[in-house]
Amino acid sequence: MERKEKKLTEGWKFWFGNTKEGEGQPVEIPHDWVIGEPFTKDRREASQGFRVRRGTGWYENLLQVHVEEGHRYFLDFDGIYERSSVWVNGSYAGGHKYGYTPFRLEITDLVKLGENRVEIRVDSDVVPTDRWYTGAGLYRTVKLLETGKRYLDEREMIVSVNFPGNGYEEAAVIVETGNDFPVKGEIQYAGEHVTAEGRQGRLEFRLQKPFLWSAENPRLYQLKVCSEDDGSISDTAVLSIGLRDVRIIPDKGLYVNGNPVKLRGVCLHQDAGCLGVAAKKEIWRKRLEKLKEMGCNAIRAAHHMHSAEFMDLCDELGFYVYEECFDKWTGGHYGSFFETEWRADLGAMVKRDRNRPCVIIWGVGNEVENQGQNSMLRILKMLVAELKELDGTRPVTYAMNPHFKRERQIDISRIKDIQEFVDEADDTEIWDVEEKIDRIKEIGKLVDILSCNYQEQWYEQIHTAMPEKLILGTEVYQYFKGHPDQFKNYTQDNPSLVPERYDYVIGSMIWAGIDYLGESMGYPAKGWNGALIRTNGEPKAGYYIMQSYWTARPMVHFEVMDYSLSDEGVKDHWDIPMYAGHWHFPQFTNTVVPYMIASNCEKVELYINDSRIYIPEPQESPNHLITGFLPWIPGRVTVIGLMEGKEACRQEIVTPGPAVKLGFDQDYAKIPAERGYQLLLSVRALDEAGNPYFRESAKIQFRVEGPAEILAVDNGDPKSGEAYQENFRHLYHGCASVVIRTKGKPGRIVLWADADGMSSGRAVICAE
């Protein structure tokens, strides 16, 4: 039989509390029960965006199952946050602790023909919480699987690719299924297919002139493996695979398919602003496409496993992924799990994703306790060894913070009480760079790549100490660089340009790519705001700066420095100057204003109305950013990028007239008519000529007609006190966004945006 998979998105009821009382609230999966909660000023809840609803939740669904003799049945969970227990028809089926790792429960002996009751208890009453927003509940995909007797567990499959010749004219693909029964297989791409058979769970394919996978050309093959039972198909597993050759060469760098590659990356958490952690694949597709447009080719999935759908998109769209299972080890949130769960959780990550082409580096931790000390090194050695047993084909590393501490020798005989012991045991910071590097060397002996957070000012010294190791900036600031005498400084030497200077530095990952909830620096900011893109998908100035570094297609982008705007509560060193994309200063009459132009062109010309302002070339400017001052003259600013003396691109920004209407960025779209599809659209205040009015902050009321509903609203303002689960939002920098969710029926959907004193905006969506 072909494996049957059914996503369990509908029919769920939810109760918050220790018991199921009353009818229960109908919900659709994915579901995050925290994101709709009101704010609290309690600083202890900064990690959760100042929302709190710790406690127990219950989910229930009544499944119709056509049970057949000899078939096997499984419930597949890509993640439940957190400490879950599952019952089927009143019998305990199993559970799982850690909220980010997937698990699968066989329920063959518990299901019956007809209606089956599935109950899931979720306990999120955990302190401490993670440092970022986690949400709670059935926030990822849930599936019911039906297979034949000879079940193929794709998590136990190992797909290896090698190239027997001197080049890439032929590829050998070997599949080990982890079973000892007969299997058949097929690899498909663009209408062509190659078949193979094996008696003991092993298949070998030979592909001539294969298409290779890379971030630049993410070509995927479909691998289909079938198990046999008495000559009939018993189960079928389907995987998307990519054929690529990734090598790390000391003192030379990272090579993919024989070509040198620099990782131009960002770090990401898993929430999606107004949707919390209950964002579906289509939302993340748009987010990743936005990063791709910026020139980003790498993602650090920090600091936990992301969803299978997210990883599917990285395979499909083309991103090199640094994947890590947990943040801290024996401390922090994971401390309560580490001793009993680390092996299972590490295994869950590797087994789910080791056959993906996008994953090129494994991480086993981030900025852990006692970094570089003997207690930490023992655990690091254990984790690296375990991971290499599961997958010996990729480098394994650990992300070091710039802090190292010295262990104190404690004279127990003179300790009088517990507090004195704690005070004495407190480590001291190591400031001497050479002593830091001695600690890095101890870590370097155990890992394949030196992963450094905020340490680019010491790369040369680190490389001198360990020339056999490549260096990766696993976290870097988006604008400023540290100083050799301290890891924080305000040197305008962009860290993302540093890898271009050294072959042994393979790239960097900016913290962070997209603003996320939690890890707030203080109320009323609800999250981390020092990223390149806002929670509603709006690019910031840093986005265009990186685009000028990372893309070849000619681009030019102009912004002014505007300190009349409110600060957003960004932690200082992760911030950048307060640039804004407008030419509108109604408070000024005659003055000069600072500006910035980001461009990858050879030259740039700048005009205010018809007057040319002479400016330096990008390559002559610090950080390749053209900066200076302009006279404030209302009208039009035009910047033109030139290549070989000819115009290659341009941007125009106009001082707007009064805001008189609203307009959606996308006024027409086609989407699937499937139930629960999520679509985010943004609306702006415009003047009569259609120019955006950046300073407008009117209240926008959204309404929808047709087979869809308003799911959430956002405007990217981290300090807003407005709830996400409403149908209104004030404009922020002239913009607001809304997420609609389809009801599973084809038809015409009309989305409206209304505001007092302005003509309404309209977008038409065709669900088909």
Side-chain angles (χ1 to χ4, degrees), residues 35-36 38-39 49 272-276 279 283 286-287 290 514-515 517 524-527 529 533-540 562 565-566 568 580-582 584 586 654 656-669 671 677-742 748-765:
I35 192 62
F39 304 119
C274 61
L275 297 172
I283 292 294
K286 294 297 184 183
R287 289 179 147 220
K290 198 72 176 178
I514 304 175
D515 285 348
L517 302 179
K526 311 305 188 301
N529 316 311
I533 301 173
R534 298 190 183 280
T535 53
N536 65 333
E538 283 289 288
K540 306 185 199 179
D562 186 354
L565 303 174
S566 298
E568 297 182 344
H582 69 78
H584 187 202
V654 176
V660 298
K661 60 184 177 181
L662 297 171
F664 282 94
D665 291 349
Q666 183 180 5
D667 58 13
Y668 179 77
I671 60 175
Y677 188 91
Q678 298 172 350
L679 177 67
L680 182 144
L681 295 170
S682 296
V683 71
R684 298 179 195 280
L686 307 172
D687 69 5
E688 189 62 46
N691 300 308
Y693 196 102
F694 180 87
R695 296 187 182 277
E696 182 59 62
S697 58
K699 180 180 179 180
I700 307 299
Q701 194 86 27
F702 294 103
R703 52 192 170 94
V704 65
E705 301 169 356
E709 61 186 340
I710 292 173
L711 185 60
V713 291
D714 198 354
N715 62 7
D717 179 5
K719 291 186 174 181
S720 173
E722 296 176 305
Y724 288 137
Q725 281 62 46
E726 293 287 355
N727 60 2
F728 64 87
R729 196 78 169 180
H730 281 79
L731 296 171
Y732 183 62
H733 296 173
C735 175
S737 304
V738 59
V739 178
I740 63 169
R741 180 170 64 184
T742 56
R748 185 171 183 265
I749 300 165
V750 181
L751 177 65
W752 295 89
D754 307 315
D756 291 343
M758 286 187 273
S759 299
S760 297
R762 188 185 76 154
V764 176
I765 303 104

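Along the sequence shown, residues carry numbers from 1. Everything quoted here is computed from the prediction, not taken from an experiment.
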Looking at N715 and A736, would you say the former's side chain and the latter's main chain have a donor-acceptor pair under 3.5 Å? no
Find the distance between CZ (R703) and OG (S760) and round it off to the nearest 0.5 Å. 5.5 Å
Does the side chain of I740 reach to within under 4.5 Å of the side chain of L751, using non-hydrogen atoms? yes
With sequence neighbours excluded, tell me which residues meet side chain to side chain donor-acceptor pair (under 3.5 Å) with D515. K540
I need the N691 CG to R684 CZ distance, nearest 0.5 Å. 12.5 Å
side-chain contact (heavy atoms from CB on, under 4.5 Å) for I700 and H730? Distances and angles first, verdict last. CA-CA 6 Å; I700 307 299; H730 281 79; over 6 Å; no
Quick one: do R695 and L565 satisfy side-chain contact (heavy atoms from CB on, under 4.5 Å)? Show the steps, please. CA-CA 9 Å; R695 296 187 182 277; L565 303 174; 4.1 Å; yes
Minimum heavy-atom separation for A763 and L681, please, with both atom names. CB-CD1, 4.2 Å
Any E688 side-chain heavy atom under 4.5 Å of P658 side chain: no
Could you go step by step and tell me if E568 and K526 meet the salt bridge (Lys or Arg N to Asp or Glu O under 4.0 Å) rule? CA-CA 10 Å; E568 297 182 344; K526 311 305 188 301; over 6 Å; no
May I ask you to decide if N529's main-chain N or O and R534's side chain share a donor-acceptor pair within less than 3.5 Å? no
For A659 against M758, the heavy-atom pair lying closest together: O-CG, 3.6 Å
Looking only at the aromatic ring of each residue, does the gap between the centers of H582 and Y693 stay below 6.0 angstrom? no
Can you tell me if D665 and S682 form a side-chain donor-acceptor pair at under 3.5 Å? no
Mind checking the CG-CZ spacing from L686 to F664? Nearest 0.5 Å is all I need. 11.0 Å
Begin with the C-alpha distance, continue with both residues' side-chain angles, and end with the deciding distance and a verdict on side-chain contact (heavy atoms from CB on, under 4.5 Å) for L275 and Q678. CA-CA 10 Å; L275 297 172; Q678 298 172 350; 3.5 Å; yes
Roughly how far, to the nearest 0.5 Å, is the NZ atom of K286 from the CG atom of L680? 10.5 Å
Side chain to side chain contact (heavy atoms under 4.5 Å, CB included) involving R762 - partner list, sequence neighbours excluded: R748, V750, W752, V764
How far apart are the closest heavy atoms of V713 and A723, and which atoms are they? CG2-O, 3.8 Å
Rounding to 0.5 Å, atoms CG (L517) and CD1 (I35) come to a distance of 5.0 Å
Value for CG (L711) from CD1 (I283), rounded to nearest 0.5 Å, stands at 8.5 Å
Considering all heavy atoms, the nearest L662-A753 contact: CD1-O, 3.4 Å
Any luck finding a side-chain donor-acceptor pair between D714 and S737 under 3.5 Å? no
Any side-chain heavy-atom pair of I533 and K290 under 4.5 Å: yes
Checking V739 against C274 for the side-chain contact (heavy atoms from CB on, under 4.5 Å) test, could you report, in this order, the C-alpha distance in whole Å, the side-chain angles of both residues, the deciding distance, and whether it holds? CA-CA 8 Å; V739 178; C274 61; 3.8 Å; yes
What I'd like to find out is whether the side chain of F702 reaches to under 4.5 Å of the side chain of E726, using heavy atoms alone. no
Please confirm whether the ring centroid of H733 lies under 6.0 Å from the ring centroid of F694. yes
Flag the pair L731 / E696 as yes when at least one side-chain heavy-atom distance between them is below 4.5 Å, and no otherwise. yes
Is a side-chain N or O of R741 found less than 3.5 angstrom from the main chain of L679, in a donor-acceptor match? no
Evaluate the side-chain proximity of C735 to E538: yes if any heavy-atom separation is below 4.5 Å, no if none is. yes
salt_bridge(E722, K699) N-O dist < 4.0 Å: no
Sub-4.5 Å side-chain heavy-atom contact between E709 and I749: no
Should I671 and T742 count as side-chain neighbours, where that means a heavy-atom distance under 4.5 Å? yes
